[in-house]
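Read through the structure below, which is laid out as structure tokens, and then see the notes.
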Amino acid sequence: MPSTHPPEGPGTAAQVLAREPLPREFFDRPVDEVAPDLLGHVLVHGDVAVRLTEVEAYAGPLDPASHAYRGRTTRTAVMFGPPGHAYVYFTYGMHFCVNLVCGPDGTASAVLLRAGEVVAGRDTARRRRPRSTERDLARGPARLCTALAIAREQNGADACDPGGPLRITPGEPPDRSLIRQGPRTGVNGGKETPWRFWIDGDPTVSPYRPHTPRKRRTTR
DNA sequence: TTCGAGATCGGCT
DNA sequence: GCCGATCTCGAAG
């Protein structure tokens, strides 16, 4: 039966993987400008590439929802560094999530990459997430990291380095009219800041879930 | 389709 | 110790 996905999307997989990364200046801007502009661009790690369909902006030390809110720590040091680098963190004891640092050195703002569509290396991604449907391969921040095999080792990686293993490369930006904006997912503080951006109608955008405080573990 | 709970561990108070 | 920028599965509707 006919696939809903073209074999390789715009450009062959080899072309997608070979593209030069976005210039560092792309990230050297306010985070709420960078975030929507990232939609449609492609994160490459090894032979897998994901076209971004959903992101969230975090504004550094002034943003109560940001990891940088409590200032610079060993964990958040990368966020306080130069733009264009990857901030990878571990959460819930089992998941990794990846951000791209924005703004001038020291700003500590970043864009969380929440979801995307695998556009190259589908077989590799499927092997990493065997239980996923095509649509779910990178649908959600932790799934995206699994599909791309992003983990602690990629923390601090320069995504603008043409020779690096992790690169953010130009893709097909969506029509501006398709970009939607709303409250961020799963965060307590700063709810009022509508800094989640996604491509309207794209099936790989993760379902919005309001923050549900986890129930206290029943100690028996 | 929606909801609830368990898994699992590093960073921070 | 407490809790989190999450995911998955199973049960119920």
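Quick note: numbers below take in every heavy atom, side chains included, and nothing from hydrogens, waters or symmetry partners. First the proteins, then the strands, lettered A, B, ... as listed; each starts at 1.
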Under 3.5 Å donor-acceptor, A:Thr107 side chain and A:Ser109 backbone:
no
Are [X] and [Y] within salt-bridge range, i.e. N to O under 4.0 Å?
X	Y	answer
A:Arg24	A:Asp158	yes
A:Arg167	A:Glu20	no
A:Glu56	A:Arg184	no
A:Asp202	A:Arg135	no

Give the rounded distance in Å between these two atoms: [atom1] of [X] and [atom2] of [N].
X	N	atom1	atom2	answer
A:Tyr92	B:dA5	OH	P	15 Å
A:Arg184	C:dT6	CZ	P	12 Å
A:Glu54	C:dT6	CD	P	10 Å
A:His67	C:dC3	NE2	C1'	11 Å
A:Met94	B:dC9	CE	P	8 Å
A:Leu100	C:dA5	CG	P	18 Å
A:Leu112	C:dG4	CG	C1'	13 Å

For [N], take OP1 and OP2 only and decide whether either is under 4.0 Å from a side-chain N or O of [X].
X	N	value
A:Arg143	C:dT8	yes
A:Arg114	C:dT6	yes
A:Thr74	B:dG11	no
A:Arg139	C:dC7	no
A:Arg70	B:dT13	yes

Against the side chain of A:Ala142, the closest entry in C:dG4, C:dA5, C:dC7 is C:dC7
Out of C:dT8, C:dA5, C:dC9, minimum distance to the side chain of A:Ser66 belongs to C:dA5
In Watson-Crick or G-U wobble terms, with both distances under 3.5 Å, the base opposite B:dT8 is none
B:dT2 -> Watson-Crick or G-U wobble partner, both distances under 3.5 Å, gives C:dA11
Numerically ordered, the residues 75-90 of chain A set in heavy-atom contact under 4.0 Å with DNA chain B is A:Arg75, A:Phe90
Would you tell me whether A:Glu117 and A:Thr53 have side-chain atoms, one donor and one acceptor, within less than 3.5 Å of each other? no
Walking DNA chain B from its 5' end, the first of A:Arg152 and A:His95 to be reached, judged by nearest nucleotide, is A:His95
Parallel, tilted or perpendicular: ring planes of A:Phe90 versus A:Phe96, cut at 30 and 60 degrees: tilted
Closest non-hydrogen atoms of A:Gly71 and A:Phe80, given as atom of the first, atom of the second and distance, are C-CZ, 3.7 Å
If you measure from the ring centre of A:Tyr58 to the centre of the six-membered ring in the base of C:dA5, is it under 5.5 Å, with the planes under 30° apart? yes
